[in-house]
Amino acid sequence: MFAEELKAFRRLGVRGILVQLLNFASVIASGLMMWKGLGLVTNTESPIVVVLSGSMEPAFYRGDLLFLTNPPNTPYRTGDITVYKIPGSPIPIVHRILEVRGVNRKSSKSKAAMAKEIVDDEKGAVLRAVENEPEVEQLLLTKGDNNPVDDIDLYNGLDWLERRHVVGKVRGFLPYVGYVTIAMNDFPKLKYLILGVLGLFALIQRE
Amino acid sequence: MAMLAAIALSSFVLIATPKGELSLASIKVFPGSSRRLPNVKQDFAFVNFNLSADLTPLFHWNTKQLFLYLQAEYVDSKGVPNDVVIWDSIVRRKEDAVINVMGRNKYVFRDLSRSFRKAQPANYSLRYNLMPYVGVLTYGEAGRSSEPVSFPDPETVS
(Lines give C-alpha, C1' and ligand atoms only; values in the text may rest on other atoms or scores of the structure.)
Protein backbone atom coordinates (compact mmCIF):
# COMPACT_ATOMS: atom_id res chain seq x y z
CA MET A 1 0.00 0.00 0.00
CA PHE A 2 2.71 2.43 1.00
CA ALA A 3 5.24 0.79 -1.33
CA GLU A 4 5.23 3.67 -3.79
CA GLU A 5 5.56 6.30 -1.10
CA LEU A 6 8.45 4.38 0.42
CA LYS A 7 10.05 4.14 -2.96
CA ALA A 8 9.66 7.90 -3.35
CA PHE A 9 11.36 8.38 0.01
CA ARG A 10 14.23 6.13 -0.97
CA ARG A 11 14.70 8.04 -4.21
CA LEU A 12 14.93 11.29 -2.24
CA GLY A 13 17.76 10.06 -0.05
CA VAL A 14 18.80 11.63 3.24
CA ARG A 15 19.86 14.86 1.57
CA GLY A 16 16.54 15.22 -0.24
CA ILE A 17 14.56 14.68 2.93
CA LEU A 18 16.64 17.27 4.75
CA VAL A 19 16.00 19.78 1.94
CA GLN A 20 12.28 19.13 2.20
CA LEU A 21 12.40 19.67 5.97
CA LEU A 22 14.25 22.93 5.37
CA ASN A 23 11.58 24.04 2.87
CA PHE A 24 8.93 23.21 5.41
CA ALA A 25 10.68 25.24 8.11
CA SER A 26 11.16 28.23 5.83
CA VAL A 27 7.45 28.24 4.95
CA ILE A 28 6.58 28.32 8.64
CA ALA A 29 9.19 31.00 9.37
CA SER A 30 8.04 33.28 6.56
CA GLY A 31 4.44 32.89 7.69
CA LEU A 32 5.45 33.95 11.18
CA MET A 33 7.44 36.87 9.78
CA MET A 34 4.48 38.11 7.76
CA TRP A 35 2.22 37.90 10.81
CA LYS A 36 4.63 39.82 13.03
CA GLY A 37 5.36 42.35 10.27
CA LEU A 38 1.65 42.98 9.83
CA GLY A 39 1.42 43.40 13.59
CA LEU A 40 4.15 46.05 13.50
CA VAL A 41 2.48 48.01 10.68
CA THR A 42 -0.96 47.94 12.28
CA ASN A 43 0.35 48.36 15.84
CA THR A 44 -1.65 45.47 17.25
CA GLU A 45 -0.55 42.15 18.68
CA SER A 46 -2.99 40.27 16.48
CA PRO A 47 -3.91 42.10 13.26
CA ILE A 48 -6.35 39.40 12.16
CA VAL A 49 -8.92 37.81 14.47
CA VAL A 50 -11.71 35.30 14.07
CA VAL A 51 -15.13 36.04 15.53
CA LEU A 52 -15.94 33.42 18.15
CA SER A 53 -19.36 34.45 19.43
CA GLY A 54 -22.64 35.75 18.17
CA SER A 55 -22.74 38.89 20.27
CA MET A 56 -22.22 41.17 17.25
CA GLU A 57 -24.82 39.53 15.01
CA PRO A 58 -26.09 40.37 12.46
CA ALA A 59 -22.88 42.25 11.67
CA PHE A 60 -20.40 39.51 12.48
CA TYR A 61 -21.09 35.79 12.74
CA ARG A 62 -18.92 33.02 14.16
CA GLY A 63 -16.04 32.35 11.80
CA ASP A 64 -15.88 35.77 10.15
CA LEU A 65 -12.43 37.26 9.77
CA LEU A 66 -11.71 40.78 11.07
CA PHE A 67 -8.73 42.98 10.20
CA LEU A 68 -7.56 45.29 12.98
CA THR A 69 -5.43 48.39 13.31
CA ASN A 70 -4.58 50.38 16.40
CA PRO A 71 -2.89 53.67 15.43
CA PRO A 72 -1.31 55.01 18.63
CA ASN A 73 -2.29 58.68 18.45
CA THR A 74 -5.80 58.36 17.03
CA PRO A 75 -8.54 58.75 19.61
CA TYR A 76 -11.31 56.17 19.70
CA ARG A 77 -14.79 57.25 18.69
CA THR A 78 -18.23 55.98 19.47
CA GLY A 79 -19.37 53.41 16.93
CA ASP A 80 -15.86 52.04 16.47
CA ILE A 81 -15.78 48.28 16.88
CA THR A 82 -12.94 47.34 19.19
CA VAL A 83 -11.33 44.08 20.13
CA TYR A 84 -10.37 44.20 23.79
CA LYS A 85 -8.79 41.92 26.33
CA ILE A 86 -9.57 42.22 30.01
CA PRO A 87 -6.78 41.18 32.38
CA GLY A 88 -7.70 37.79 33.80
CA SER A 89 -9.86 36.65 30.93
CA PRO A 90 -7.95 35.03 28.09
CA ILE A 91 -10.48 35.44 25.27
CA PRO A 92 -10.56 38.78 23.45
CA ILE A 93 -13.99 40.32 22.90
CA VAL A 94 -15.22 42.16 19.78
CA HIS A 95 -17.73 44.86 20.74
CA ARG A 96 -18.78 48.35 19.70
CA ILE A 97 -17.94 51.52 21.64
CA LEU A 98 -21.00 53.06 23.26
CA GLU A 99 -19.42 55.82 25.36
CA VAL A 100 -16.14 57.71 25.11
CA ARG A 101 -15.29 59.76 28.19
CA GLY A 102 -12.30 62.04 28.20
CA VAL A 103 -10.29 62.33 31.40
CA ASN A 104 -7.36 64.62 31.96
CA ARG A 105 -4.09 62.76 32.03
CA LYS A 106 -3.10 62.28 35.65
CA SER A 107 0.60 62.98 35.10
CA SER A 108 -0.12 66.08 33.02
CA LYS A 109 1.96 68.37 35.25
CA SER A 110 4.97 66.10 35.42
CA LYS A 111 4.75 65.80 31.66
CA ALA A 112 5.04 69.57 31.27
CA ALA A 113 8.08 69.52 33.57
CA MET A 114 9.54 66.70 31.55
CA ALA A 115 8.99 68.61 28.31
CA LYS A 116 10.81 71.63 29.78
CA GLU A 117 13.79 69.55 30.75
CA ILE A 118 14.04 68.23 27.26
CA VAL A 119 13.96 71.78 25.85
CA ASP A 120 16.92 72.64 28.08
CA ASP A 121 18.73 69.68 26.68
CA GLU A 122 17.91 70.88 23.17
CA LYS A 123 16.47 67.55 22.15
CA GLY A 124 13.71 68.93 20.01
CA ALA A 125 12.75 65.65 18.42
CA VAL A 126 12.07 63.96 21.73
CA LEU A 127 10.06 66.96 22.87
CA ARG A 128 7.81 66.73 19.85
CA ALA A 129 7.17 63.07 20.58
CA VAL A 130 6.07 63.98 24.08
CA GLU A 131 3.89 66.84 22.88
CA ASN A 132 2.17 64.64 20.33
CA GLU A 133 0.83 62.40 23.06
CA PRO A 134 -2.83 63.14 23.56
CA GLU A 135 -3.52 65.34 26.58
CA VAL A 136 -6.72 63.51 27.29
CA GLU A 137 -7.01 59.84 28.05
CA GLN A 138 -10.15 58.03 27.09
CA LEU A 139 -12.43 55.84 29.11
CA LEU A 140 -14.53 53.54 26.97
CA LEU A 141 -17.75 51.64 27.48
CA THR A 142 -18.64 48.97 24.94
CA LYS A 143 -21.66 46.90 24.01
CA GLY A 144 -22.31 44.03 21.65
CA ASP A 145 -24.83 44.88 18.95
CA ASN A 146 -26.72 41.70 19.76
CA ASN A 147 -26.60 42.13 23.55
CA PRO A 148 -29.36 43.97 25.39
CA VAL A 149 -27.02 45.66 27.89
CA ASP A 150 -23.56 47.18 27.92
CA ASP A 151 -20.41 45.27 28.82
CA ILE A 152 -19.82 46.55 32.33
CA ASP A 153 -20.38 43.07 33.75
CA LEU A 154 -17.75 41.61 31.42
CA TYR A 155 -15.02 43.95 32.66
CA ASN A 156 -14.09 41.82 35.70
CA GLY A 157 -14.69 44.66 38.12
CA LEU A 158 -13.25 47.45 36.00
CA ASP A 159 -15.55 50.44 35.49
CA TRP A 160 -14.16 51.46 32.11
CA LEU A 161 -11.99 50.18 29.32
CA GLU A 162 -8.77 52.04 28.63
CA ARG A 163 -6.44 52.13 25.66
CA ARG A 164 -4.17 49.51 27.20
CA HIS A 165 -6.99 46.97 27.13
CA VAL A 166 -7.76 47.52 23.46
CA VAL A 167 -6.09 45.18 21.00
CA GLY A 168 -7.36 47.03 17.94
CA LYS A 169 -10.16 48.59 15.99
CA VAL A 170 -11.97 46.62 13.28
CA ARG A 171 -11.21 48.12 9.86
CA GLY A 172 -11.93 45.31 7.42
CA PHE A 173 -14.17 42.30 7.16
CA LEU A 174 -14.02 38.96 5.35
CA PRO A 175 -16.87 36.51 5.98
CA TYR A 176 -16.70 32.76 6.80
CA VAL A 177 -12.96 32.25 6.13
CA GLY A 178 -12.04 31.91 9.79
CA TYR A 179 -14.42 29.05 10.32
CA VAL A 180 -11.59 26.58 9.63
CA THR A 181 -9.91 27.55 12.89
CA ILE A 182 -13.16 27.25 14.83
CA ALA A 183 -13.72 23.80 13.34
CA MET A 184 -10.17 22.84 14.32
CA ASN A 185 -10.80 23.97 17.88
CA ASP A 186 -14.15 22.21 18.13
CA PHE A 187 -12.83 18.99 16.60
CA PRO A 188 -9.16 18.60 17.68
CA LYS A 189 -8.77 15.44 15.59
CA LEU A 190 -9.40 17.52 12.46
CA LYS A 191 -6.43 19.71 13.41
CA TYR A 192 -4.07 16.71 13.58
CA LEU A 193 -5.52 15.33 10.37
CA ILE A 194 -4.92 18.58 8.48
CA LEU A 195 -1.45 19.05 9.96
CA GLY A 196 -0.56 15.43 9.20
CA VAL A 197 -1.75 15.56 5.61
CA LEU A 198 -0.01 18.88 4.98
CA GLY A 199 3.20 17.60 6.54
CA LEU A 200 3.11 14.42 4.46
CA PHE A 201 2.55 16.39 1.27
CA ALA A 202 5.42 18.71 2.09
CA LEU A 203 7.74 15.75 2.61
CA ILE A 204 6.69 13.71 -0.40
CA GLN A 205 6.40 16.37 -3.04
CA ARG A 206 9.64 16.75 -4.95
CA GLU A 207 10.93 19.76 -6.85
CA MET B 1 -10.35 36.00 -4.74
CA ALA B 2 -10.11 38.64 -7.47
CA MET B 3 -13.86 39.11 -7.40
CA LEU B 4 -13.86 39.55 -3.62
CA ALA B 5 -11.11 42.15 -3.95
CA ALA B 6 -12.99 43.94 -6.73
CA ILE B 7 -16.17 44.08 -4.65
CA ALA B 8 -14.23 45.32 -1.62
CA LEU B 9 -12.51 48.02 -3.71
CA SER B 10 -15.79 49.12 -5.31
CA SER B 11 -16.85 50.43 -1.89
CA PHE B 12 -14.31 53.21 -2.28
CA VAL B 13 -16.09 54.41 -5.43
CA LEU B 14 -19.67 53.98 -4.24
CA ILE B 15 -19.67 56.81 -1.77
CA ALA B 16 -22.86 58.57 -0.75
CA THR B 17 -23.42 61.38 1.71
CA PRO B 18 -27.01 61.22 2.91
CA LYS B 19 -28.55 64.16 4.69
CA GLY B 20 -31.03 63.84 7.49
CA GLU B 21 -32.71 66.06 10.04
CA LEU B 22 -32.37 65.75 13.76
CA SER B 23 -34.10 67.87 16.37
CA LEU B 24 -34.59 67.56 20.10
CA ALA B 25 -38.16 67.59 21.32
CA SER B 26 -37.25 67.81 24.99
CA ILE B 27 -34.51 67.12 27.46
CA LYS B 28 -35.03 66.58 31.16
CA VAL B 29 -32.70 65.66 34.01
CA PHE B 30 -33.84 63.60 36.98
CA PRO B 31 -31.93 62.50 40.06
CA GLY B 32 -31.73 58.78 40.71
CA SER B 33 -29.38 55.88 41.29
CA SER B 34 -28.14 53.05 39.14
CA ARG B 35 -28.49 49.30 39.61
CA ARG B 36 -24.71 49.06 39.92
CA LEU B 37 -24.34 51.76 42.57
CA PRO B 38 -27.69 51.77 44.39
CA ASN B 39 -26.45 54.02 47.21
CA VAL B 40 -25.00 56.72 44.99
CA LYS B 41 -27.22 59.60 43.92
CA GLN B 42 -26.60 60.75 40.38
CA ASP B 43 -28.41 62.62 37.65
CA PHE B 44 -29.82 60.99 34.55
CA ALA B 45 -30.76 62.85 31.39
CA PHE B 46 -33.81 61.89 29.33
CA VAL B 47 -33.85 63.02 25.74
CA ASN B 48 -36.77 62.99 23.32
CA PHE B 49 -35.80 63.47 19.71
CA ASN B 50 -37.22 63.59 16.21
CA LEU B 51 -35.25 62.06 13.45
CA SER B 52 -35.82 61.81 9.71
CA ALA B 53 -33.30 60.70 7.14
CA ASP B 54 -33.23 59.00 3.78
CA LEU B 55 -30.35 56.53 3.87
CA THR B 56 -31.23 54.61 0.68
CA PRO B 57 -28.19 55.99 -1.22
CA LEU B 58 -25.97 54.12 1.26
CA PHE B 59 -27.36 50.77 0.12
CA HIS B 60 -25.27 49.45 -2.76
CA TRP B 61 -24.28 45.92 -3.69
CA ASN B 62 -21.68 45.66 -0.96
CA THR B 63 -23.86 46.94 1.88
CA LYS B 64 -24.67 44.26 4.41
CA GLN B 65 -26.21 46.55 6.98
CA LEU B 66 -26.16 50.02 8.45
CA PHE B 67 -25.55 50.61 12.12
CA LEU B 68 -27.23 53.90 12.96
CA TYR B 69 -26.52 55.69 16.18
CA LEU B 70 -27.45 58.95 17.82
CA GLN B 71 -24.83 60.45 20.04
CA ALA B 72 -24.56 63.35 22.42
CA GLU B 73 -21.30 65.29 22.32
CA TYR B 74 -20.52 67.66 25.14
CA VAL B 75 -17.67 69.07 27.16
CA ASP B 76 -17.99 68.24 30.84
CA SER B 77 -17.15 70.25 33.95
CA LYS B 78 -13.48 69.21 33.70
CA GLY B 79 -13.22 70.59 30.18
CA VAL B 80 -12.82 67.28 28.40
CA PRO B 81 -14.97 65.91 25.57
CA ASN B 82 -17.57 63.22 26.14
CA ASP B 83 -19.34 61.23 23.42
CA VAL B 84 -22.29 59.15 24.51
CA VAL B 85 -24.46 57.00 22.29
CA ILE B 86 -28.05 57.38 23.49
CA TRP B 87 -29.89 55.49 20.76
CA ASP B 88 -29.02 53.04 18.01
CA SER B 89 -30.67 50.97 15.36
CA ILE B 90 -29.67 48.46 12.68
CA VAL B 91 -30.99 48.82 9.14
CA ARG B 92 -30.65 45.69 7.05
CA ARG B 93 -32.74 46.39 3.95
CA LYS B 94 -32.93 49.23 1.47
CA GLU B 95 -36.72 49.25 1.92
CA ASP B 96 -36.24 50.19 5.58
CA ALA B 97 -33.67 52.89 4.91
CA VAL B 98 -36.05 55.84 5.07
CA ILE B 99 -35.94 56.65 8.74
CA ASN B 100 -38.65 58.52 10.63
CA VAL B 101 -38.30 58.15 14.35
CA MET B 102 -39.79 59.97 17.29
CA GLY B 103 -37.83 58.40 20.07
CA ARG B 104 -36.22 58.72 23.44
CA ASN B 105 -32.84 57.62 24.64
CA LYS B 106 -32.43 53.86 24.70
CA TYR B 107 -29.28 53.88 26.84
CA VAL B 108 -28.59 55.50 30.19
CA PHE B 109 -27.33 59.04 29.79
CA ARG B 110 -25.27 60.23 32.75
CA ASP B 111 -22.08 62.14 33.47
CA LEU B 112 -18.87 61.03 35.16
CA SER B 113 -19.26 63.77 37.78
CA ARG B 114 -22.77 62.38 38.48
CA SER B 115 -24.33 65.72 37.57
CA PHE B 116 -24.87 67.71 34.39
CA ARG B 117 -24.90 71.03 36.28
CA LYS B 118 -21.55 72.29 35.03
CA ALA B 119 -21.54 70.51 31.70
CA GLN B 120 -21.59 72.66 28.61
CA PRO B 121 -24.48 72.48 26.13
CA ALA B 122 -24.45 69.30 24.07
CA ASN B 123 -24.56 68.74 20.35
CA TYR B 124 -26.45 65.75 19.04
CA SER B 125 -25.53 63.94 15.86
CA LEU B 126 -26.81 61.02 13.87
CA ARG B 127 -23.97 58.83 12.67
CA TYR B 128 -23.83 55.63 10.68
CA ASN B 129 -21.48 52.74 10.24
CA LEU B 130 -21.75 51.03 6.87
CA MET B 131 -20.87 47.37 7.24
CA PRO B 132 -19.98 45.63 3.98
CA TYR B 133 -20.30 42.02 2.83
CA VAL B 134 -16.55 42.15 2.32
CA GLY B 135 -14.02 44.96 2.72
CA VAL B 136 -13.62 48.08 4.84
CA LEU B 137 -16.04 49.49 7.36
CA THR B 138 -16.92 53.14 6.75
CA TYR B 139 -18.39 55.78 9.01
CA GLY B 140 -20.22 59.01 8.39
CA GLU B 141 -22.58 61.61 9.76
CA ALA B 142 -26.14 61.86 8.48
CA GLY B 143 -27.53 64.67 10.60
CA ARG B 144 -26.80 67.08 13.42
CA SER B 145 -28.82 69.21 15.78
CA SER B 146 -28.91 72.81 14.55
CA GLU B 147 -27.56 74.27 17.80
CA PRO B 148 -26.14 73.03 21.11
CA VAL B 149 -28.76 72.18 23.70
CA SER B 150 -28.00 72.95 27.33
CA PHE B 151 -28.78 70.54 30.14
CA PRO B 152 -31.62 71.75 32.37
CA ASP B 153 -31.41 71.73 36.16
CA PRO B 154 -32.50 68.44 37.67
CA GLU B 155 -36.20 68.21 38.38
CA THR B 156 -37.31 67.19 41.83
CA VAL B 157 -39.25 63.99 42.13
CA SER B 158 -41.65 63.49 44.99
Side-chain angles (χ1 to χ4, degrees), chain A residues 51 56-61 64-69 75-82 94-106 108 134-153 155 157-160 168-177, chain B residues 1 4-5 7-9 11 34-37 62-93 105-113 119 125-141:
Chain A
V51 178
M56 282 296 279
E57 284 175 20
F60 304 145
Y61 289 88
D64 291 347
L65 220 57
L66 306 176
F67 297 87
L68 313 182
T69 64
Y76 299 113
R77 302 195 61 177
T78 53
D80 285 350
I81 303 165
T82 55
V94 188
H95 279 174
R96 195 187 292 275
I97 297 180
L98 193 67
E99 293 184 15
V100 177
R101 306 286 192 174
V103 283
N104 288 315
R105 190 182 285 277
K106 278 165 212 146
S108 137
E135 283 292 331
V136 178
E137 280 179 57
Q138 292 182 312
L139 301 178
L140 310 173
L141 181 68
T142 54
K143 176 183 168 289
D145 286 2
N146 200 24
N147 291 351
V149 292
D150 60 47
D151 290 352
I152 195 92
D153 292 328
Y155 291 168
L158 295 174
D159 285 333
W160 300 93
K169 192 158 76 176
V170 178
R171 301 302 298 273
F173 173 79
L174 189 61
Y176 310 125
V177 180
Chain B
M1 271 302 247
L4 281 179
I7 292 172
L9 286 175
S11 292
S34 70
R35 175 182 60 92
R36 217 171 125 76
L37 301 165
N62 194 18
T63 304
K64 184 182 186 181
Q65 66 163 34
L66 285 181
F67 183 83
L68 270 183
Y69 53 105
L70 180 65
Q71 71 173 9
E73 307 155 4
Y74 68 97
V75 171
D76 69 11
S77 54
K78 301 245 173 65
V80 287
N82 284 246
D83 291 344
V84 184
V85 174
I86 58 173
W87 177 87
D88 63 16
S89 174
I90 294 173
V91 183
R92 303 182 69 184
R93 302 188 309 162
N105 54 316
K106 195 166 144 185
Y107 303 117
V108 173
F109 187 11
R110 69 213 152 113
D111 187 69
L112 276 186
S113 71
S125 66
L126 175 69
R127 293 180 55 79
Y128 62 83
N129 172 209
L130 193 160
M131 314 190 75
Y133 285 110
V134 58
V136 292
L137 281 71
T138 48
Y139 290 83
E141 188 175 291

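Residue numbers start from 1 in every chain, and the chains themselves are labelled A, B, ... in the order their sequence lines are given, proteins ahead of strands.
- Residues A:P58 and B:I90 share a closest heavy-atom pair of CD-CD1, 3.9 Å.
- With a 4.5 Å cut-off on non-hydrogen atoms, B:Y133 touches chain A through its backbone but not through its side chain.
- The two residues B:Q65 and A:A59 have their closest heavy-atom pair at NE2-CB, 3.4 Å.
- Neither the backbone nor the side chain of B:F109 comes within contact range of chain A, judged by heavy atoms closer than 4.5 Å.
- Atom CD1 of A:I81 is separated from atom CG of B:L137 by 5.0 Å, given to the nearest 0.5 angstrom.
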Audit row: B:N129, A:R96, side chain to side chain contact (heavy atoms under 4.5 Å, CB included) steps and yes/no = CA-CA 11 Å; B:N129 172 209; A:R96 195 187 292 275; 2.9 Å; yes
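- One distance of note links CG of A:D150 with CZ of B:R36; it measures 9.0 Å at 0.5 Å rounding.
- Within the 4.5 Å cutoff, the side chain of B:V80 has no heavy atoms near those of the A:V103 side chain.
- Side-chain atoms of B:L112 and A:W160, non-hydrogen and from C-beta on, do get closer than 4.5 Å to each other.
- Using a 4.5 Å cut-off between heavy atoms, A:R101 touches chain B through backbone and side chain atoms alike.
- Side-chain contact between B:D88 and A:D145: absent, with no pair of heavy atoms (C-beta onward) separated by less than 4.5 Å.
- Applying the 6.0 Å contact sphere to OH of A:Y61 captures more than 12 heavy atoms from other residues, nucleotides or ligands.
- B:Y139 does not carry A:R77 over the face of its six-membered ring by the limits of under 6.0 Å from the centre and within 45° of the normal.
- Summarising the geometry of B:V84 relative to A:E99, their closest heavy-atom pair is CG1-CG, 3.7 Å, with the distance given to 0.1 Å.
- Rounded to the nearest 0.5 Å, atoms CG (A:L98) and CD1 (B:I86) are 10.5 Å apart.
- Minimum interatomic distance between B:V134 and A:P175 (heavy atoms only, all atoms of both residues): CB-CD, 4.2 Å.
- Counting heavy-atom pairs closer than 4.5 Å to chain B, the top residue among A:V170, A:I152, A:D64, A:D159 is A:I152.
- With chain B as the partner, the residue from A:I97, A:D153, A:D80 showing the most heavy-atom pairs under 4.5 Å is A:D80.
- In this structure, the side chain of B:Y69 engages the main chain of A:T78 through a donor-acceptor pair within 3.5 Å.
- For a residue to count as touching a neighbouring chain, one of its non-hydrogen atoms must lie under 4.5 Å from one of that chain's; by this rule B:K78 touches chain A with backbone and side chain alike.
- Heavy-atom distances place no part of B:V75 under 4.5 Å from chain A, backbone and side chain included.
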